[in-house]
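Order of the sequence lines sets the chain letters (A, B, ...), proteins ahead of strands, with each chain counted from 1.
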Amino acid sequence: MTNDKLIQVKDLKKYYKGDRIKALDGVTVDINRGDVMVVIGPSGSGKSTFLRSLNLLEVPTSGSIVFENVDITKKTGPDGKKLDIDLHRQKMGMVFQHFNLFPHMTILQNMVLAPVQVKGVPQAEAEKKALELLERVGLADRADAYPIQLSGGQKQRVAIVRALAMEPDVMLFDEPTSALDPEMVGEVLDVMRELAREGMTMVVVTHEMGFAREVGNRILFMADGKLLEEGSPDAIFNHPQNPRLQDFLSKVL
Amino acid sequence: MLTVQGFQKALEYWKLFLQGVVCTVSLSALTVIFGFILALLLAVCRMGRSKILKAIATVYVELFRATPMVVQIFVIFYVVFDGVKVLPGYKLFGFIRFDRFFPAVVALSLNSGAYLSEIIRSGIQSIDIGQTEAARSLGLSSVKTMRFVILPQAIKNILPAIANEFVTIIKESAICYTIGVQDIMSAVNAVKGATYRMAEALMIATALYFCLTYPTSKIIAHFERKMSAGDKR
């Protein structure tokens, strides 16, 4: 196994109600370090399920996910002990469509909770780091505000740096701009673009085709729980092969 | 008929009433603590993955909610503790008979645990699943997710219902005089036995219970306002 492959997904399946609903139907793909992988496809195609399976928010029916050389779908780790999924989730930051900030905590408290409670970072150090991250997204002055006092775009920027505070090896984005007012989409995409430029490995489920084309280095097209086509932005957007992809692009572009 | 003389006579036994207040307050406070712990356990069992624990907790809750308090307290006192034989005759604060007091705490806690667990369960289930997902995705364990993310929000939402339950506990505790606990109602009974008058003693008891329950609900309302800091724009 080379170290370049950060996540290896093999024949991933997620069935509901016995096997009547196939949300994921055998997805195999490798995610390399530094990849900005954008997953596109019609709604109900299984792209969110795929993303949420990567950190086991959805437990797959079968298949394997090898993250940093550990199969996290197994019950026991490589050391023979019970696999501690929390250990692996720390290294996978996740950003949700609806931000999911903790409403009873200030922005700063939102950001230091996991570093302090999970990694044991001293409070003062965690706060310093949190303020630096907030500074990067232009929200340092809102550190003591509560989430409800922020706009949607601001909330999502906070959600991104909250995940970054754990210093993850990969960031998972689940339709990060879908719940935003149109004028706020840009500020969130800017932060993501910046993150990609710094070399962060990213998996992004989105409907923003402009972003996919510009920032992504690999595009996956999914439909009916299957990975139907994969390629560079140029290949996917300018020379689509699969008729489903051609049809999809004709509707969204 | 209420008379001034009647009140004077009843108030000659002020010490009994004072002891009654101490007893009622200790009884209620201990019930709140043990009842809450029990309720958390029951709520976790009912929402957990184990089918056996779920069944046990469900049967428990339904049983205690479907039977009268007075039956429960008699069963605990006369059956479970079998009279007073198994407990030491030790006296709390020098006057509260432990062998009566303890079974009362047990019975009230078991009862309020059943009610509180339903309140807690509904509170936890009212929190958006996205909160759990965000916490877990940051690497927080399920226990820490509960403690730092879910419970603070859930408790804020259910505080009015909890306050109501606490007030209910204070009021329900009055039934404990039937097994010889020296609470406020038992003071009423003692005055009645000594003076052959009950009306004035009952008025005093009414006032005392009100003075306990009303501030309790006000104090919790204060905390409720404090905890809703994240709600204001």
Side-chain angles (χ1 to χ4, degrees), chain A residues 48 51-52 54-59 84-107 109-121 144-151 155 158-159 162-168 170-174 179, chain B residues 36 40 43-44 47-51 53-54 119-163 220-233:
Chain A
S48 269
L51 190 79
R52 290 160 53 81
L54 294 180
N55 66 352
L56 296 199
L57 282 186
E58 299 282 354
V59 180
D84 184 3
I85 186 63
D86 298 333
L87 227 55
H88 302 285
R89 280 186 176 142
Q90 288 175 38
K91 296 186 222 150
M92 300 172 142
M94 189 154 192
V95 175
F96 300 85
Q97 182 177 354
H98 296 287
F99 330 126
N100 298 351
L101 295 181
F102 307 133
H104 60 303
M105 298 181 183
T106 64
I107 301 309
Q109 287 167 341
N110 262 277
M111 294 202 47
V112 300
L113 177 69
V116 171
Q117 290 300 332
V118 178
K119 282 175 138 186
V121 178
D144 294 322
Y146 283 93
I148 198 162
Q149 298 167 309
L150 269 53
S151 71
K155 281 185 205 169
V158 169
R162 178 177 71 176
L164 288 177
M166 289 298 283
E167 299 176 328
V170 56
M171 286 284 285
L172 313 174
F173 292 86
D174 190 6
Chain B
F36 196 77
L40 269 181
V44 168
M47 290 181 301
R49 254 170 284 173
S50 161
K51 281 198 174 127
L53 286 177
K54 197 180 252 175
I119 298 173
I120 292 172
R121 190 170 69 112
S122 71
I124 289 173
Q125 285 174 343
S126 73
I127 304 301
D128 179 33
I129 184 75
Q131 292 288 305
T132 304
E133 291 184 349
R136 297 308 303 273
S137 78
L138 286 164
L140 268 79
S141 65
S142 54
V143 173
K144 281 186 173 169
T145 298
M146 207 31 113
R147 181 171 150 209
F148 293 108
V149 177
I150 306 302
L151 276 185
Q153 296 183 60
I155 287 177
K156 191 193 79 192
N157 290 351
I158 60 178
L159 221 43
I162 291 183
I220 296 180
H222 169 75
F223 279 113
E224 205 185 319
R225 278 194 300 277
K226 255 180 114 172
M227 283 176 81
S228 56
D231 297 348
K232 280 176 237 116
R233 273 179 187 274

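- Both the backbone and the side chain of F102(A) have a heavy atom closer than 4.5 Å to some heavy atom of chain B.
- Within the model, atoms CG of L54(A) and OG of S137(B) stand 12.5 Å from one another, a figure rounded to the nearest 0.5 Å.
- Using a 4.5 Å heavy-atom cut-off against chain A, the contacting residues of residues 124-132 of chain B are D128(B), G130(B), Q131(B).
- A distance of 7.5 Å separates CG in D86(A) from OG1 in T145(B), rounded to the nearest 0.5 Å.
- Across Q90(A), R162(A), Q117(A), a single residue satisfies side-chain contact (heavy atoms from CB on, under 4.5 Å) together with L138(B), and that is R162(A).
- With hydrogens and angles ignored, the 3.5 Å screen pairs no side-chain donor or acceptor of H104(A) with any backbone N or O of K156(B).
- Contacts of M166(A) with chain B are made by side-chain atoms alone, with heavy-atom separations under 4.5 Å and no backbone atom involved.
- Expressed to the nearest 0.5 Å, how far CZ of R136(B) lies from CE of M94(A) amounts to 13.5 Å.
- Heavy-atom pairs under 4.5 Å with chain A peak, among A135(B), P152(B), S141(B), G139(B), at G139(B).
- In this structure a side-chain-to-backbone donor-acceptor pair under 3.5 Å is missing from K144(B) to V118(A).
- Contacts between L101(A) and chain B at a heavy-atom distance below 4.5 Å involve the backbone alone (N, CA, C, O).
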